[in-house]
Amino acid sequence: MDEGVTFSHTRERIHHLYNDWKKNLEAADDLVMNHASEALSHLYLHTAYHTGQIILLRKLQGKWDASQGVEG
């Protein structure tokens, strides 16, 4: 990540990325989905893992606001 990029900006970029994924997956036919399913599974698991790391680190730093959606 570039120095000076805020968490809010990064979160917004990720939100747009997920929306793009969703649109492309909704438009994909069965042949594309069957061909890409393994890569997509890896991509989603990889992203979820790193999202968990970000949440954990922000909680440890005391910079996590549970009122924004993730508690625990």
Side-chain angles (χ1 to χ4, degrees):
M1 183 180 326
D2 296 334
E3 289 295 320
V5 175
T6 65
F7 179 72
S8 179
H9 181 250
T10 301
R11 183 182 60 217
E12 191 66 26
R13 286 173 53 193
I14 292 170
H15 178 73
H16 286 296
L17 175 67
Y18 280 138
N19 282 336
D20 288 345
W21 283 356
K22 182 179 177 186
K23 288 176 191 173
N24 284 307
L25 290 173
E26 288 172 344
D29 60 22
D30 287 344
L31 181 62
V32 170
M33 291 301 294
N34 288 337
H35 182 70
S37 62
E38 186 175 338
L40 287 169
S41 295
H42 175 75
L43 184 60
Y44 279 115
L45 288 172
H46 180 86
T47 303
Y49 177 81
H50 288 299
T51 300
Q53 287 180 315
I54 291 167
I55 292 169
L56 175 63
L57 289 172
R58 289 190 59 85
K59 284 182 177 185
L60 291 172
Q61 293 172 339
K63 296 181 179 180
W64 189 258
D65 183 357
S67 70
Q68 297 296 312
V70 178
E71 297 180 16

Donor-acceptor pairs under 3.5 angstrom involving side-chain atoms of residues 40-47: please list them, not counting sequence neighbours.
residue : atom : partner : partner atom : Å
Ser41   : OG   : Ser37   : O            : 2.9
His46   : NE2  : His50   : NE2          : 3.4
Thr47   : OG1  : Leu43   : O            : 2.8

Output side-chain donor-acceptor pairs under 3.5 Å for residues 18-28, partner residues at least two apart or in another chain, one line each.
residue : atom : partner : partner atom : Å
Asn19   : ND2  : His15   : NE2          : 3.2
Asn24   : ND2  : Asp20   : O            : 3.0

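Under the side chain to side chain contact (heavy atoms under 4.5 Å, CB included) criterion, Leu56 pairs with Leu60, not counting sequence neighbours. Residues meeting the side chain to side chain contact (heavy atoms under 4.5 Å, CB included) test with Ser8, sequence neighbours left out: Thr6, Arg11.
Atoms CD and OG1, from Gln53 and Thr51 in turn, are 9.0 Å apart once rounded to the nearest 0.5 Å.
Counting only distance, with no hydrogens or angles, the side chain of Arg58 and the backbone of Lys63 share a donor-acceptor pair below 3.5 Å.
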